[in-house]
Trainee: 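Right, I'll just put the structure down here and ask away after.
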Amino acid sequence: MKGYNDMLIKTENLTKKYKLGKETFVALDKANLEIEDGEFVAIQGTSGAGKSTLLHILGCLDNADDGKYYLNGIDVFSLNDRKTAKLRNEKIGFVLQDFSLINHKKVGFNVMLPLYFNHTPNRQMKEMAHKALEAVGIDKQFDKKANQLSGGQRQRVAIARAIVNNPSVIFADEPTGALDSKTSKEVMKLFRDLNKKGIAVIIVTHDDEVADCCDRKIIINDGKIIYDSKKDSNYIKEE
C-alpha cells in the first residue's frame with residue numbers, strides 16, 4: 001500500500017460546502033483521490049458537479065471544510081498562507097480557459113510572472129522564459145504583446161507560463177474551451193508532449209474528445225467521485 005510520500009496527490013474525504021441563502025450546497029462530498037507522478041488525468045462532470053471546486057483545492061487556491069490533502073507528501077492544510085503560496089508557485093502550473101494573460105504586456109513578461117514571486121534574477125528569468133516558450137513552439141513571439149497573438153498562441157503562452165518553474169503538476173481548467181477543434185487538438189498534443197517529459201497533467205473538461213486524449217478519467221457528480229477508470233471497469237453515461 002502506497003503512503004502519502006509515494007503519491008503526487010492524495011486526498012481523504014475532501015468536503016466543501018457553500019451557503020446559498022438559507023440553503024447549504026455541498027460542492028465536494030468526501031472525495032478520495034490518489035494521483036501518481038506523471039499521470040495524465042481528465043476530470044469530467046456537468047456544470048456544478050464539483051470538478052472546478054476540486055481543481056481549486058488541489059491547486060492550493062482554496063481550502064476544504066473537512067478532509068485532508070497531501071501534495072508530494074506535504075499536508076497542505078497544515079501550512080500557513082505564505083507556505084501555501086510558496087508550495088503553489090514551486091510545484092503547480094495553471095492553465096485556464098480564458099488564458100489569463102496581461103494583454104498589453106509582452107509574451108516574455110507574461111511567462112516570467114511566476115518567477116518574479118521567486119525573486120529569480122532577471123537574466124535567469126529571461127533564459128527560463130525562452131526555454132519554456134521553446135518547449136511550446138513559440139519562442140519567436142517573446143517580444144510581441146499578448147493581444148497580438150491568436151487564441152492558440154495565447155494558450156501556448158499560458159502553458160509556457162505554467163511550466164516555467166518546472167512544476168510537478170499542471171492543472172488545466174477547460175483549456176480548450178475557447179479554441180476551435182484544430183487548435184484544441186494541437187494544445188492537447190502539447191499537453192501530451194509535456195506529460196511524456198514527466199509532468200503530471202490534470203485537465204477539468206466537459207469535452208469527451210479532450211477526456212479521451214487522457215490516460216485516466218475521473219467523473220464527478222453532485223460532489224461525489226462516481227467513476228475512476230483506474231479503479232472501475234465500466235461507466236454508463238447518463239443521458
Side-chain angles (χ1 to χ4, degrees), residues 1-19 27-41 43 50-96 99-102 109-129 131-132 158-173 175 194-195 197-204 218 220 223 225:
M1 184 176 177
K2 294 192 175 185
Y4 306 134
N5 294 319
D6 300 311
M7 285 286 167
L8 172 65
I9 286 169
K10 183 176 176 66
T11 73
E12 296 178 354
N13 296 321
L14 277 190
T15 301
K16 182 71 175 180
K17 301 176 182 178
Y18 295 102
K19 283 284 188 183
L28 277 182
D29 190 359
K30 297 181 180 178
N32 293 298
L33 185 62
E34 292 184 351
I35 296 174
E36 297 184 60
D37 285 316
E39 286 203 75
F40 194 8
V41 182
I43 298 176
K51 56 189 188 297
S52 291
T53 299
L54 177 60
L55 194 76
H56 290 161
I57 293 172
L58 297 182
C60 301
L61 296 172
D62 197 3
N63 277 321
D65 294 316
D66 197 12
K68 290 282 190 179
Y69 171 33
Y70 299 90
L71 177 63
N72 278 141
I74 298 168
D75 182 353
V76 174
F77 298 155
S78 72
L79 303 178
N80 60 29
D81 289 347
R82 183 181 62 80
K83 288 183 177 179
T84 300
K86 185 173 186 292
L87 179 70
R88 182 172 60 238
N89 199 45
E90 291 177 352
K91 299 291 185 181
I92 297 170
F94 292 98
V95 179
L96 305 175
F99 319 128
S100 294
L101 302 178
I102 302 175
F109 176 87
N110 275 279
V111 175
M112 288 187 289
L113 270 177
L115 303 175
Y116 286 103
F117 297 106
N118 283 356
H119 306 293
T120 306
N122 190 55
R123 182 176 176 179
Q124 188 179 348
M125 280 199 297
K126 287 186 177 180
E127 290 173 355
M128 292 172 73
K131 184 179 178 182
I159 294 170
R161 181 184 58 198
I163 64 172
V164 73
N165 262 344
N166 299 310
S168 300
V169 58
I170 293 172
F171 291 113
D173 195 353
L194 292 170
N195 179 248
K197 294 177 182 178
I199 301 175
V201 179
I202 301 173
I203 297 177
V204 159
I218 293 167
I220 296 181
I225 294 175

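For clarity, every value in this text was computed on a predicted model and none was experimentally measured.
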Trainee: Are Asp37 and Asn72 close enough that some pair of their side-chain heavy atoms sits under 4.5 Å apart?
Mentor: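 In contact.
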Trainee: For Leu61, what residues pass the side-chain contact (heavy atoms from CB on, under 4.5 Å) criterion, not counting sequence neighbours?
Mentor: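 Once residues adjacent in sequence are excluded, the partners of Leu61 under the side-chain contact (heavy atoms from CB on, under 4.5 Å) criterion are His56, Arg88, Phe94.
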Trainee: Quick check for you: to the nearest 0.5 Å, what is the distance between Leu115 atom CG and Met128 atom CE?
Mentor: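 These two atoms lie 5.0 Å from each other.
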Trainee: Checking the side chain of Thr15 only, and the main-chain atoms of Asp65 only, is there a donor and an acceptor separated by less than 3.5 Å?
Mentor: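 Side chain of Thr15 to backbone of Asp65: no pair is present.
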Trainee: What's the shortest heavy-atom distance between Ala160 and Ala132, and which atoms?
Mentor: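 Closest pair (atom of Ala160, atom of Ala132, distance): O-CB, 3.5 Å.
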Trainee: The test is side chain to side chain contact (heavy atoms under 4.5 Å, CB included); show your working for Arg161 and Ser100 and say whether it passes.
Mentor: CA-CA 10 Å; Arg161 181 184 58 198; Ser100 294; 4.1 Å; yes
Trainee: Evaluate the side-chain proximity of Ile57 to Lys16: yes if any heavy-atom separation is below 4.5 Å, no if none is.
Mentor: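 Answer yes - side chains close enough.
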Trainee: To the nearest 0.5 angstrom, please state how far the NZ atom of Lys51 sits from the CD1 atom of Ile202.
Mentor: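 Here the interatomic distance stands at 15.5 Å.
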Trainee: If you compare all heavy atoms of Asn32 against all heavy atoms of Glu12, which two are closest, and at what distance to 0.1 Å?
Mentor: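 Asn32 and Glu12 have their closest heavy atoms at OD1-CA, 3.2 Å.
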Trainee: What distance separates Ile74 CD1 from Lys91 NZ, expressed to the nearest 0.5 Å?
Mentor: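 Going from CD1 on Ile74 over to NZ on Lys91, the span is 6.5 Å.
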Trainee: Evaluate Val169 against Ile35 for side chain to side chain contact (heavy atoms under 4.5 Å, CB included), listing each step before the verdict.
Mentor: CA-CA 10 Å; Val169 58; Ile35 296 174; over 6 Å; no
Trainee: Do Leu8 and Leu71 have side-chain heavy atoms sitting under 4.5 Å apart?
Mentor: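 When only atoms from C-beta onward are counted, Leu71 and Leu8 do touch, with a gap below 4.5 Å.
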Trainee: Could you pull out all residues at least two apart from Asp75 that satisfy salt bridge (Lys or Arg N to Asp or Glu O under 4.0 Å)?
Mentor: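 Lys68.
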Trainee: Using salt bridge (Lys or Arg N to Asp or Glu O under 4.0 Å) as the criterion, list what pairs up with Arg82, not counting sequence neighbours.
Mentor: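 Expected list: none.
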Trainee: Looking only at heavy atoms, which two atoms of Val95 and Ala158 are closest? And how far apart?
Mentor: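 That would be CG2-O, 4.1 Å.
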Trainee: Please check if atom CG in Asn80 has more than 12 non-hydrogen atoms from other residues, nucleotides or ligands closer than 6.0 Å.
Mentor: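 Counting other residues, nucleotides and ligands, CG of Asn80 exceeds 12 neighbours.
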Trainee: So how far is it from Met112 CE to Met125 CE, rounded to the nearest 0.5 Å?
Mentor: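 These two atoms lie 5.5 Å from each other.
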Trainee: Could you tell me which residues satisfy salt bridge (Lys or Arg N to Asp or Glu O under 4.0 Å) with Lys126, sequence neighbours excluded, listed by chain and number?
Mentor: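 For Lys126 there are no salt bridge (Lys or Arg N to Asp or Glu O under 4.0 Å) partners, ignoring immediate neighbours.
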Trainee: List the atom of Asn195, the atom of Gly38, and the distance in Å for their closest heavy-atom pair.
Mentor: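 Scanning both residues completely, I find the closest heavy atoms to be ND2-O, 3.0 Å.
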Trainee: Output the distance between atom NZ (Lys17) and atom OG1 (Thr53), rounded to the nearest 0.5 Å.
Mentor: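 The NZ atom of Lys17 sits 14.0 Å away from the OG1 atom of Thr53.
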Trainee: Looking at every non-hydrogen atom in both residues, tell me the closest pair between Gly50 and Leu28 and how far apart they are.
Mentor: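 Distance-wise, the nearest heavy atoms are O-CD2, 3.8 Å.
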Trainee: Could you grab the distance from atom CD1 of Ile199 to atom CG of Leu194, nearest 0.5 Å is fine?
Mentor: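 It comes to 5.0 Å.
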Trainee: Check salt bridge (Lys or Arg N to Asp or Glu O under 4.0 Å) between Asp173 and all other residues, then give those that pass, not counting sequence neighbours.
Mentor: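 Applying salt bridge (Lys or Arg N to Asp or Glu O under 4.0 Å) to Asp173 gives none.
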Trainee: If you apply the rule side chain to side chain contact (heavy atoms under 4.5 Å, CB included), what do you find for Leu54 with Ile218, and how did you get there?
Mentor: CA-CA 11 Å; Leu54 177 60; Ile218 293 167; 5.7 Å; no
Trainee: Indicate yes or no for a side-chain donor-acceptor contact from Asn165 to the backbone of Asn89 under 3.5 Å, with no hydrogens or angles considered.
Mentor: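 At least one qualifying donor-acceptor pair exists.
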Trainee: Closer than 3.5 angstrom, by distance alone: can the side chain of Gln124 be matched with the main-chain N or O of Pro121 as a donor-acceptor pair?
Mentor: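 Not confirmed, Gln124 side chain does not pair with Pro121 backbone.
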Trainee: Between Tyr69 and Leu58, is there a donor-acceptor pair closer than 3.5 Å when you use the side chain of the first and the backbone of the second?
Mentor: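 Here the side-chain-to-backbone pair exists.
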Trainee: Under the ring pair (Phe, Tyr, Trp, His ring centres under 6.0 Å) test, which residues partner Phe109, sequence neighbours left out?
Mentor: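 Ring pair (Phe, Tyr, Trp, His ring centres under 6.0 Å) check on Phe109 returns Tyr116.
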Trainee: Identify the heavy atoms of Ser52 and Val204 that sit nearest to each other, and give their distance.
Mentor: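 Scanning both residues, the minimum pair turns out to be OG-CG1, 4.3 Å.
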Trainee: Could you go step by step and tell me if Thr84 and Asn63 meet the side chain to side chain contact (heavy atoms under 4.5 Å, CB included) rule?
Mentor: CA-CA 11 Å; Thr84 300; Asn63 277 321; over 6 Å; no
Trainee: Quick test of your reading of the model: are Arg123 and Glu127 salt-bridged, counting only N-O distances below 4.0 Å?
Mentor: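 So Arg123 pairs with Glu127 through a salt bridge.
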